[in-house]
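Remember, it's 1-based here, ligands and their atoms both numbered in the order they're listed.
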Amino acid sequence: MTDGPSRDMAGGLLSIDMTALAANYLDLARRAWPSRTAAVVKADAYGLGARQVAPVLERAGCEDFFVAHLEEALALKPALSPGAKLYVLNGLQPGAEAACAAGGVIPVLNGLEQARRWRDLAVSWGAALPAVIQIDSGMARLGLSEADLDELLADTTFFDEVSLAVVMSHLACSDEPGAASNAGQRARFTALADRLPAAPRSLANSGGIFLDPSHHGDLVRPGVSLYGVSPHDGPNPMRAVAALDAKVIQTRDVAAGERVGYGLTYARDTPGRIAIIAVGYADGWPRHLSNRGAAYYQGVRLPIAGRVSMDSITLDVSALAERGLTLALGDTVELLGPHQTLEDVARDAGTIPYEILTNLGRRYHRTYVEDPTMQQLPVSPRQADARS
Ligand SMILES: *Cc1c(COP(=O)(O)O)cnc(C)c1O
C-alpha cells in the first residue's frame, strides 16, 4: 500500500511499519489488561495516516477510536467496521450536533452548554444519544468542573436522554511517574465519577499506561506510543513505526571558507563536500535544526550545514570521503531510522516527538509495510478473553 507522490518524484520516502504498529498496540493492550485499549488516531493518526493505521489497529483488536474533530471521525468511519466506536475529543461545536448524531459518532461533552445541546437533540429525535463526559480533574483544559457537575446532576432527567458511554479525564503529567499530580488527579476523577451513573472510566494516555494500574480505569487511550514514541524518559519499550529517507538532489565541492545557504551561516575551515536533500521545513523538518541536526548515510553522521530551507537542506558530507563513500543524485540519506529516532530529532529541535510526527509533510512517498503474517495477528487479550 502506498500514498502520496510516486517514489521517483518525491523528495522523501516515508515508510510506515504496520507490523510494528500492531505489535505496539498489543504490547500496550497487555500492559493495560484487563482494561480495554482504545486508540487515539487524531491529527491523521499523528501524521501517519488514519485511514491506513486505524484498520490495522482494528484487526489487532481495537474497538474504540478517538479523534479530535468531528470531521476526522466522519472521514475515518468508512475505513472501519460498523461496530467500531468513534469519539470526538474536542467535543461538539454549536451547529454540528445533528451531523455528529447522524454519523453515529460519540461526542466527548466537555462543558454544560455542549451537554444541553446534545440532550436537546436527543429529545427532538425522541431517542437517547450516547456521549462521553469529560471531567477536569486538575489540568484546567477540557472538561466539566465540579460546579458544572453539580449543575448537570441537578437536572434529574439528563441521563434519561443521554446515555453515558464513558466518563473520562486526562492526566497533565503522565510522562512523569514521580509527579504527585497523577495520584491527585486519579483521586479527584474517582470522586467525581462516583457521582455519575455507572459507566466505564478512562483516564490513561500512553504515559498513564506505564503508571501503576490504579491509573488505568476501564479504557486506556494511548496515542503516541502506538506510533513508536517512548511514553517516558529512559529506554523506549515501543517499536519504531516511522522511517524517513531523503533524496539527494545535488552534491558540490566547497572551498575552505566558502559560505553555505540562506544567511551564509556555515563554512568549513578546510575544503569539503555538501549534499543537498529534497526535504525542508515545508515537509515538517524544523528550521530550528539549522546548523544543529543531522542525517545519516551508512551510519555516518552528516551534520546539517547552514539553515534549513523550505524545500531543501544542505548537509556537510565531507566525512564520507575518508570512508571511501560517495553520494550521488538519487541516493537517499536517513532522517529517521536506526541511527536517528524521533526522540533525537525532537531534542535537537527543542521540541517533543509528537510535534515532529504530526508535522511530517504530505509531499513524501508513503509506503505502508505489512508483514504477510499480519493477516494472522496474534489475538489481543480482549479477543482471547471473549473467546474463552
Ligand atoms: C491526545 C490525547 C490522548 C493520547 O495521548 P498520548 O500522550 O499521545 O498517548 C489521550 N487522551 C486525550 C484527551 C488526548 O487529548
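- The existence of a salt bridge linking Arg221 and Asp64 is excluded, since no basic side-chain nitrogen approaches an acidic carboxylate oxygen closer than 4.0 Å.
- Atom CZ of Arg252 is surrounded by 12 or fewer heavy atoms from other residues, nucleotides or ligands within 6.0 Å.
- The closest protein non-hydrogen atom to atom 7 (O) of ligand 1 is Tyr354 OH, 2.6 Å.
- Of all atoms in ligand 1, numbered sequentially from 1 with element shown, those under 4.0 Å from a heavy atom of Pro222 are 9 (O).
- Note on Arg51 versus Asp44: no salt bridge recorded, every NZ/NE/NH1/NH2 to OD/OE distance being 4.0 Å or above.
- Close contacts between ligand 1 and Met168 involve ligand atoms 13 (C) [criterion: under 4.0 Å to a heavy atom].
- Ranking the protein heavy atoms by distance from atom 2 (C) of ligand 1 puts Lys42 NZ, 2.5 Å first.
- Looking only at protein heavy atoms, the nearest one to atom 5 (O) of ligand 1 is Asn205 CB, 3.4 Å.
- Of the heavy atoms in Leu89, only side-chain atoms (C-beta onward) come closer than 4.0 Å to ligand 1.
- Of the charged side-chain nitrogens involved, at least one lies within less than 4.0 Å of a carboxylate oxygen, so that Arg268 and Asp316 count as a salt-bridged pair.
- For Gln93, the CD atom counts as loosely surrounded, since its 6.0 Å shell holds 12 or fewer non-hydrogen atoms of other residues, nucleotides or ligands.
- For atom 12 (C) of ligand 1, the nearest non-hydrogen atom of the protein is His170 CE1, 3.4 Å.
- Proximity of Leu203 to Arg186: side-chain heavy atoms (C-beta onward) are separated by under 4.5 Å at one or more points.
- Residue contact check: Tyr46 has heavy atoms under 4.0 Å from atoms 1 (C), 4 (C), 5 (O), 6 (P), 8 (O) of ligand 1.
- Near Arg141, the atoms of ligand 1 lying under 4.0 angstrom from a non-hydrogen atom of the residue are 15 (O).
- In this structure, the protein non-hydrogen atom closest to atom 10 (C) of ligand 1 is Arg221 O, 3.5 Å.
- Of the protein's non-hydrogen atoms, the one nearest atom 9 (O) of ligand 1 is Ser206 OG, 2.5 Å.
- Considering His215, His216, His232 as possible partners of Phe210, the one that fulfils the ring pair (Phe, Tyr, Trp, His ring centres under 6.0 Å) test is His232.
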### Query
Going through the checks in order, is the salt bridge (Lys or Arg N to Asp or Glu O under 4.0 Å) test met by Asp150 and Arg195?
CA-CA 9 Å; Asp150 290 339; Arg195 300 177 54 198; 2.7 Å; yes
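- With salt bridges taken as basic N to acidic carboxylate O contacts below 4.0 Å, one links Arg188 and Glu146.
- Using a 4.0 Å heavy-atom cutoff, Phe66 is absent from the residues neighbouring ligand 1.
- Heavy atoms of Gln134 stay at 4.0 angstrom or farther from ligand 1.
- Geometrically, ligand 1 and Val224 share a nitrogen or oxygen pair separated by less than 3.5 Å.
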